[in-house]
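In this text the structure is predicted, and so the values were computed from the model without any measurement. In the text below, chain A, chain B and the rest are named by the order of the sequence lines, each starting its count at 1.
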Amino acid sequence: MITFLINFFRILERVEMKYPFAEVEKKWQSYWENNQVFKTDLADLEKKLYCLVMFIYPSGSKLHCGHWYNYGPTDSWARFKKLQGYNVFEPMGYDAFGLPAENYAIKTGIHPQDSTFTNIDDIRNQLKHMGCMYDWSAELMTCVPEYYKWNQWLFLQLYKRGLAYRKKAPVNWCPSCQTVLANEQVQQDGSCERCGTMVEHKNLTQWFFKITDYADELLDGLNKIDWPDKTKLMQTNWIGKSVGTEVKFRVEGHDETITVFTTRPDTLFGVTYAVLAPESELVEKLTTDEYKETVQKYVDSVKSLTEIERTSTVKEKTGVPTGAFAINPVNGEKVPIWVADYVLASYGTGSVMAVPGHDERDFEFAEKFGLPIRKVILEPGKNPEDKLEEAYTDAGTMINSGEFSGLNSDDGIEKVSDWLEEKSLGNRKTNFRLRDWLISRQRYWGTPIPVVYCDKCGEVPIPEDQLPVTLPYDVNIKSDGGSPLAKNEEFINTACPQCGGAAKRDADTMDTFVDSSWYYLRYLNPNFNDGMFDTKLANEWTPVDMYVGGAEHATMHLLYARFIHKFLRDIGMVNSDEPFAKLVHQGTITNQGAKMSKSKGNVVNPDSFINDYGSDVFRMYLMFMGPYELGGDWSDKGIVGVDRFVQRTYSLFKKYEGISKESESKDAYELSDLNENEKSVYRKVNHTLNKFSEEIEHFRFNTAVALLMELLNELNKNFEQCRIDLIVYSLERFSALLSPLAPHLGEECWGLIGREKSMYEDPVWFEIDTKALTVDNVTIAVQVNGKLRAKIDMPVDTPQDEVKSAVFNDDKVKSHTDGKTVVKEIYVPNKIYNIVVK
RNA sequence: GCCGAAGUGGCGGAAUUGGUAGACGCGCUGGACUCAAAAUCCAGUGGGGCUUAUACCUCGUGCCGGUUCGAGUCCGGCCUUCGGUACCA
């Protein structure tokens with residue numbers, strides 16, 4: 001009975017000592033909210049800083065570990081900046097249109113709008129529990145007319161300037177479901193994910209934004225922004241600028257000409273055949289009667305293949321001749337015209353000249369179909385007679401090339417192009433791999449396209465003063481046959497704004513990437529009624545200083561947003577060239593090796609961890625897991641380590657509760673006034689301040705957490721022997737360091753030592769005493785032939801000759817050098833002394 | 001396929017410009033406290049060899065090769081995993 005009581009009290013005592021995270025987190029969250037600590041004064045432009053994280057997609061699943069991984073550390077960076085005195089604007093919103101809500105509706109019958117609003121309410125609630133410093137007055141969502149109205153307005157501005165246009169483009173069509181499928185709804189074998197029917201390609205007339213008009217500027221602009229090199233490289237490759245020449249080939253016995261694009265006009269004399277893309281309009285025109293059937297069969301067989309399959313360099317090349325012949329403009333030679341799927345209609349002119357001797361794909365194709373291979377570029381050091389074993393694609397000397405023979409091929413490119421231009425047989429041309437942005441979606445849950453089609457007036461844009469075109473609520477999403485909106489008579493039938501006659505609305509909605517191309521401008525005043533966004537604020541606050549989001553957006557969202565920003569600049573809406581000055585990618589948190597997704601059923605729910613450890617521990621653990629930009633596979637193995645750190649930290653502050661009321665710290669100390677323990681503490685505190693700033697600045701949160709752990713170990717070890725004001729000095733700084741990573745704990749600790757307000761109301765950051773960063777002694781590693789043999793301690797900056805004598809007096813060094821000749825010595829001051837012996 | 005990344009102890013990872021590989025944490029082992037356990041605290045912890053022991057030797061950053069006094073880091077060639085590939089966002 002007595003033991004029981006003793007244990008009971010002991011448990012009570014422990015419960016009391018344990019960090020009451022639930023209570024503390026709630027307390028600070030309400031404090032921040034009630035005192036509007038994180039409402040940004042956008043009029044205060046001195047040290048303004050716009051920190052943006054990619055807004056959240058409110059699909060069926062709520063916040064998962066991946067969201068925490070994205071938002072927590074970014075917020076820590078923003079908080080760090082706030083403490084440093086920046087006026088930080090950190091908003092949050094919802095990318096609320098999109099396919100998954102619609103799929104969910106088809107499965108459950110719950111209307112996308114209803115499920116989206118419910119999800120947003122849940123997510124908002126969860127976000128608030130993370131304890132981020134979001135300015136909730138700036139919250140926005142894209143699925144309301146107040147937002148998407150401006151997508152429509154943007155569309156009209158693009159339309160006015162000829163940058164929104166219609167053309168035919170293929171979609172994935174499931175003949176059984178009678179619906180258009182997204183690429184992700186098509187399975188690997190080309191079948192529909194719902195019913196398994198083979199998906200077909202069907203051509204529909206759809207809207208495009210002419211991003212290609214900005215291709216050159218999008219490329220050049222990459223030099224002006226502080227983005228990861230890999231992202232810039234991916235965008236560069238995606239845009240795929242190539243400078244070359246278009247060459248016209250006459251077709252024998254035909255009025256048509258074939259225009260091909262080539263970057264290697266120097267190889268024109270090596271052309272032994274020409275190839276048309278299967279979709280090319282020329283195929284039907286040029287194919288001779290004899291070949292009509294085989295060509296038609298071939299073209300049909302290619303329809304189900306994806307672009308990836310077609311352009312695969314390991315897939316066996318296929319193709320058929322058309323029976324027609326083209327005339328090579330440089331030598332008048334007659335070469336056969338083939339159709340082959342390795343040529344894409346979407347790139348260049350949709351036709352290529354084939355030079356098997358100097359192009360790998362052409363070489364493979366020619367070998368397979370027995371087409372001639374001619375050598376026209378001589379590899380340095382080889383003979384003209386040597387047989388080509390593979391395509392030679394580098395520069396060399398031109399041979400078998402008429403008047404151009406003997407030229408270096410690099411010069412030949414220019415000379416042949418000049419010659420073609422003089423004779424009007426070709427033109428220099430720059431081509432881009434980048435294609436125009438297809439924005440039409442045959443779906444319900446998106447922004448209606450503000451155009452009507454009138455029998456009399458044709459295609460008519462909705463006048464700006466009649467916007468928004470509201471997305472109707474009552475729509476049968478499951479309707480078979482194309483766009484759901486097409487079946488809503490009330491929506492689709494309207495009066496023509498021009499003639500007042502009967503007209504039909506465009507039944508498609510916009511790609512959701514349109515929404516996300518300008519949301520960062522709307523955040524500055526989401527309630528702005530006089531335009532898309534407040535231009536004055538936009539000019540003052542953008543480009544965004546820091547943008548954080550996944551690398552999976554490298555080529556699409558991040559390119560579209562840059563395009564739209566440049567367009568908005570051209571119509572006078574913003575005065576900057578780029579939307580995002582600095583960009584950081586967080587890595588992906590996977591689970592059992594796979595990206596977390598509801599469909600895979602591997603989403604890790606953070607709630608149980610928040611309940612057991614609190615949000616500070618959870619976000620700090622995510623930061624501690626590894627490098628932010630790498631992500632990693634989820635495991636909860638180490639979370640107890642971070643929890644222990646938090647507990648020990650809290651105990652330490654609890655031990656010195658109210659200490660700043662007993663004694664005031666100095667701003668700096670003279671090292672000579674401190675005892676050994678104090679010196680060690682003082683150095684560690686300053687060293688940590690210094691390194692921590694550097695680490696957080698560069699999003700290296702894992703090492704920042706480790707630094708705080710080291711600091712705590714140091715304080716626990718030496719505090720007993722420290723004077724009280726130095727303890728205050730250390731704890732003040734420690735709570736400031738904690739505050740960005742564990743915001744609730746940081747505030748609580750700051751309060752425990754006796755401070756009244758939130759750290760963020762009167763931001764505090766402490767100056768580093770650089771004198772404390774110096775050391776008295778260094779350990780020099782001594783190597784013999786690059787192998788570590790000894791370590792010697794020396795005063796810092798000891799002259800080399802003194803280091804040398806110490807090194808050669810060392811017994812271990814002697815044992816490795818005795819009887820050998822010293823060939824070379826390398827001394828890296830204060831670091832390494834390497835002796836090379838023979 | 002193409003474009004872009006990554007690979008280090010039993011595990012997550014550290015090593016900021018080519019300069020002491022394994023910081024910090026998890027786990028594990030041993031000890032203290034306890035009737036006992038949990039929690040906490042202290043110590044140890046890459047593999048192999050050798051020694052009474054301090055020590056010392058040796059191998060070691062996905063694989064093969066190269067540059068260098070010195071390579072996790074740079075170069076060439078592979079292997080594996082991940083992101084994107086234009087209608088998931």
Side-chain angles (χ1 to χ4, degrees), chain A residues 3 7 10-11 14 18 54 57 59 95 97-100 103 171-172 180-186 206 228-231 233-234 236-238 240 306-315 346 434-443 511-513 516 549-557 559 585 587-588 590 593-595 597 599 621 624-627 629-633 635 637-642 644-645 647-648 651 691 694-695 698 700 702-703 705-710 713 779-788 790-791 812 815 823-826 828 831-832 834-837:
Chain A
T3 13
N7 275 341
R10 194 166 286 135
I11 288 164
R14 212 182 59 226
K18 209 164 149 71
M54 286 179 187
Y57 185 77
S59 64
D95 188 9
F97 273 141
L99 179 65
N103 285 342
V171 294
N172 300 308
V180 176
L181 298 179
N183 286 344
E184 75 158 7
Q185 296 175 297
V186 181
Q206 306 185 73
D229 286 339
K230 66 158 187 167
T231 312
L233 188 54
M234 275 192 265
T236 302
N237 292 337
W238 183 262
T306 66
E307 217 165 86
I308 293 171
E309 288 165 331
R310 282 174 53 172
T311 52
S312 165
T313 53
V314 293
K315 190 200 112 195
S346 55
L434 179 70
R435 310 206 283 256
D436 278 338
W437 177 9
L438 196 171
I439 60 130
S440 296
R441 297 290 181 272
Q442 293 71 39
R443 296 188 210 296
D511 181 6
T512 54
F513 279 129
S516 55
E552 66 270 22
H553 294 293
T555 48
M556 304 192 70
H557 159 61
L559 197 62
H585 295 305
T588 316
T590 55
K595 201 173 166 179
S597 76
S599 58
Y621 174 59
F624 188 55
M625 270 175 55
E629 309 202 356
L630 279 186
D633 205 44
S635 153
K637 274 206 177 123
I639 194 165
V640 292
V642 175
R644 278 176 204 156
F645 166 74
Q647 298 300 339
R648 299 202 307 145
S651 305
K691 270 204 139 180
E694 182 91 349
E695 300 299 79
H698 294 101
R700 293 192 288 257
N702 53 334
T703 48
V705 174
L707 281 168
L708 297 192
M709 289 173 169
E710 285 187 54
N713 291 342
T779 304
I780 293 169
V782 185
Q783 298 180 338
V784 179
N785 288 345
K787 283 190 176 166
L788 181 72
K791 292 176 186 182
K812 285 173 223 152
S815 72
V823 182
K824 195 173 176 182
E825 291 164 60
I826 296 112
V828 182
K831 265 196 180 150
I832 279 221
N834 188 11
I835 304 160
V836 186
V837 295

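Here A/T779 lies in heavy-atom contact (under 4.0 Å) with a base. Contact annotation for A/T590: no contact, since no heavy-atom pair falls under 4.0 Å across all strands. Among the atoms of the strands shown, base atoms are found under 4.0 Å from some heavy atom of A/I826. Base engagement by A/I308 is indicated by at least one non-hydrogen atom pair under 4.0 Å involving a base atom. At the heavy-atom level, A/T703 lies under 4.0 Å from the strands shown only through sugar-phosphate atoms. No contact: A/E629 has no heavy atom under 4.0 Å from any strand. Residue A/V314 is classed as a sugar-phosphate contact, given heavy-atom separations below 4.0 Å to backbone atoms only. Among the atoms of the strands shown, none is found under 4.0 Å from any heavy atom of A/S635. Counting any heavy atom pair closer than 4.0 Å across all strands shown, A/F513 reaches a base atom. No engagement by A/W437 is indicated, since no non-hydrogen atom pair under 4.0 Å with the nucleic acid exists. The residue A/H553 sits close to a base: some heavy atom pair falls under 4.0 Å. Note on A/K812: only backbone sugar-phosphate atoms sit closer than 4.0 angstrom, heavy atoms only; bases stay farther off. Across all strands, A/E825 comes closer than 4.0 Å to no nucleic acid atom at all (heavy-atom distances).
Shown here for A/T590 and A/D633, the closest heavy-atom pair between the two residues is OG1-OD1, 2.7 Å. A/S346 and A/R435 get closest at one heavy-atom pair: OG-NH1, 3.4 Å. The two residues A/D511 and A/W437 have their closest heavy-atom pair at OD2-NE1, 2.9 Å. Shortest non-hydrogen contact noted between A/A551 and A/K230 is CB-NZ, 3.8 Å. A/H557 and A/S516 get closest at one heavy-atom pair: CE1-O, 3.0 Å. Here the closest heavy-atom approach between residue A/D95 and residue A/Y57 is recorded as O-CD1, 3.0 Å.
Taking 3.5 Å as the limit, the base of B/rC2 and the side chain of A/E307 contain no donor-acceptor pair of atoms between them. With hydrogens and angles ignored, a donor-acceptor pair closer than 3.5 Å exists between the side chain of A/Q442 and the base of B/rC87. Residue side chain A/N183 does not reach the base of B/rC87 through any donor-acceptor N/O pair under 3.5 Å, judged by distance alone.
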Please report the C-alpha distance between A/V837 and A/N785 in whole Å, then the side-chain angles of each, then the deciding distance to 0.1 Å, and finally whether the side chain to side chain contact (heavy atoms under 4.5 Å, CB included) criterion is met.
CA-CA 6 Å; A/V837 295; A/N785 288 345; 3.6 Å; yes
The test is side chain to side chain contact (heavy atoms under 4.5 Å, CB included); show your working for A/N834 and A/K824 and say whether it passes.
CA-CA 8 Å; A/N834 188 11; A/K824 195 173 176 182; over 6 Å; no
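Residue A/K787 has no polar side-chain atom (N or O) positioned under 4.0 Å from OP1 or OP2 of B/rA21. Distances shown here put a side-chain N or O of A/K824 below 4.0 Å from the OP1 or OP2 atom of B/rC69. At the phosphate of B/rA89, OP1 or OP2 sits under 4.0 Å from a side-chain N or O atom of A/T512. At B/rA86, none of the side-chain N or O atoms of A/R435 fall inside 4.0 Å of OP1 or OP2 (strictly under the cut-off). Between A/N237 and the phosphate of B/rG4, there is a side-chain N or O to OP1/OP2 separation shorter than 4.0 Å. Here A/K831 does not reach the OP1 or OP2 of B/rU20: none of its side-chain N or O atoms lies under 4.0 Å away.
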Where each pair must be Watson-Crick or G-U wobble with both distances under 3.5 Å, what dot-bracket representation of RNA chain B is obtained, with crossing pairs in [ ] and other-strand partners as |?
(((((((..(((......[....)))((((((.......))))))((((......))))..(((((..]....))))))))))))....
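Rounded to a whole angstrom, the distance from the C1' atom of B/rA21 to that of B/rC28 is 22 Å. The same atom, C1', is picked in B/rA14 and in B/rC82; the two are 22 Å apart, to the nearest Å. Comparing the same atom, P, in B/rC74 and in B/rU51 gives a spacing of 42 Å after rounding to whole Å. Nucleotides B/rC11 and B/rA86, compared at atom P, are 37 Å apart to the nearest Å. Taking the P atom of each, B/rA23 and B/rC79 are spaced 34 Å apart, rounded to whole Å. Here the separation of B/rC64 from B/rA71, taken at their P atoms, is 16 Å to the nearest Å. B/rC69 sits 24 Å from B/rG62 when the P atoms are compared, rounded to a whole Å. Distance noted for atom C1' between B/rU81 and B/rC88: 22 Å (whole Å).
What separates NE2 of A/H585 from C1' of B/rA5 is a distance of 11 Å, to the nearest Å. Residue A/N702 contributes atom CG, which lies 16 Å from atom C1' of B/rC11 at whole-angstrom precision. In this structure, A/M54 places its CE atom 13 Å from C1' of B/rG83, rounding to the nearest Å. One atom, CG of A/L630, and another, C1' of B/rA6, lie 6 Å apart when rounded to the nearest Å. Taking atom CD on A/E695 and atom P on B/rU16, their separation rounds to 10 Å, with Å as the unit. Rounded to a whole Å, the CG atom of A/L438 is 16 Å from the C1' atom of B/rU85. Atom CD of A/Q783 is separated from atom C1' of B/rU68 by 13 Å (rounded to the nearest Å).
With hydrogens and angles ignored, the 3.5 Å screen pairs no side-chain donor or acceptor of A/S312 with any backbone N or O of A/E309. For the pair A/S651 (side chain) and A/Q647 (backbone), a donor-acceptor distance under 3.5 Å is present.
For the pair A/R648 and A/N713, the minimum side-chain heavy-atom distance is below 4.5 Å. The shortest distance between side-chain heavy atoms of A/L99 and A/E184 falls below 4.5 Å.
Position along RNA chain B of the nearest nucleotide to A/G632 versus A/A551 favours A/G632 as the more 5'-ward residue. Each of A/M556 and A/R700 lies near RNA chain B, and the nucleotide nearest A/R700 is the one positioned closer to the 5' end.
Interatomic distance, CZ of A/R700 versus CG of A/N702, reported as 9.0 Å (0.5 Å rounding).
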For nucleotides 24-30 of chain B, read 5' to 3', which letter fits each nucleotide if B means a protein heavy atom sits under 4.0 Å from the base, S means only the sugar-phosphate is that close, and - means neither?
BSSS---
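Base orientation of B/rG9: syn, the glycosidic angle falling within 90° of 0.
If you check B/rG70, B/rA21, B/rA5 against the side chain of A/K230, the one that comes closest is B/rA5.
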